[in-house]
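This chain uses plain numbering: 1 for the first residue, then up along the sequence.
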Amino acid sequence: MPRPRPASPGPTSDDMDAIYDPGVPSRTQQKKESEALQALGLELLALPDSRLDAIGLPDNLRQALRDGKKITANGGKRRQMQYIGKLMRQVDAEPLREAVAAFKLGHAHDQLRLHQLEALRERLIADDEALETLVSEHPGVDVQQLRSLVRSARKDAAAQPEARSGRGYRELFQFLKALP
């Protein structure tokens, strides 16, 4: 029959202070930070290579991101994201967050401008006053070409759906897009 072991004394108060040091992040906090870095890495994967090169990433992180874009298998993608998260612990994440935010904001501005141009095109097709307002706001615009494009777009919009070519519609949009 094995001999029973003597009970080990519990940790002393000094040991407890060493275990629960408030300056050291908890294991849960460390996991959250690691997951946040992996999520940032996923957002970095969405950036084009030209933006990644402009950020000034370390070579090993840049290569890991390029490799991550090529991986399609779910398990491999997950492991690569963990590796990217590990590499990102060695760099300052704040400039990376700013670069991702700037990219998203620029994309949102572009989308907003396109929606505004589409709304302007619709107003031009529907109303002659919108045409006069546009001409007064942009004094250097080629009025003759603008009127011709509006006429063409109106003609296109009035045609039966099967007979529409959409060319006038597209050309008017491109003209408006080129305006300053």
Inset, instruction - For the pair Arg154 and Asp128, find out whether any cationic side-chain nitrogen is under 4.0 Å from an anionic carboxylate oxygen. - result: yes
Inset, instruction - State whether the number of non-hydrogen atoms from other residues, nucleotides or ligands found under 6.0 Å of Arg66 atom CZ is greater than 12. - result: yes
Inset, instruction - Measure across Met88 and Leu40 and return the closest heavy-atom pair with its distance rounded to 0.1 Å. - result: CE-CD2, 3.4 Å
Legend entry - Heavy atoms of other groups near Asn74 CG, more than 12 under 6.0 Å: no
Legend entry - Neighbour count >12 (heavy atoms, 6.0 Å) for atom NZ, Lys86: no
Legend entry - Side-chain ion pair, Arg62 and Asp49, N-O less than 4.0 Å: no
Legend entry - Flag, side chain of Ser152 to backbone of Ser148, donor-acceptor distance under 3.5 Å: no
Legend entry - CD (Gln111) with more than 12 external heavy atoms under 6.0 Å: yes
Legend entry - Glu35 side, atom CD; Gln30 side, atom CD - distance, nearest 0.5 Å: 12.0 Å
Legend entry - Derivation of the salt bridge (Lys or Arg N to Asp or Glu O under 4.0 Å) call for Glu132 and Arg147: CA-CA 10 Å; Glu132 298 305 322; Arg147 287 183 192 277; 3.1 Å; yes
Legend entry - Ionic contact status for Arg113 with Asp110, cut-off 4.0 Å: no
Legend entry - Members besides Val135 in its Ile/Leu/Val/Met/Phe/Trp/Tyr cluster (side-chain heavy atoms under 4.5 Å): Leu114, Leu117, Leu120, Leu124, Ile125, Leu131, Leu134, Val141, Val143, Leu146, Leu149, Val150, Tyr169, Leu172, Phe173, Phe175, Leu176, Leu179
Legend entry - Smallest separation among heavy atoms of Gly41 and Leu65, with atom names: O-CD2, 3.9 Å
Legend entry - Pairwise side-chain contact, Glu122 with Glu118, heavy-atom cut-off 4.5 Å (strictly under): no
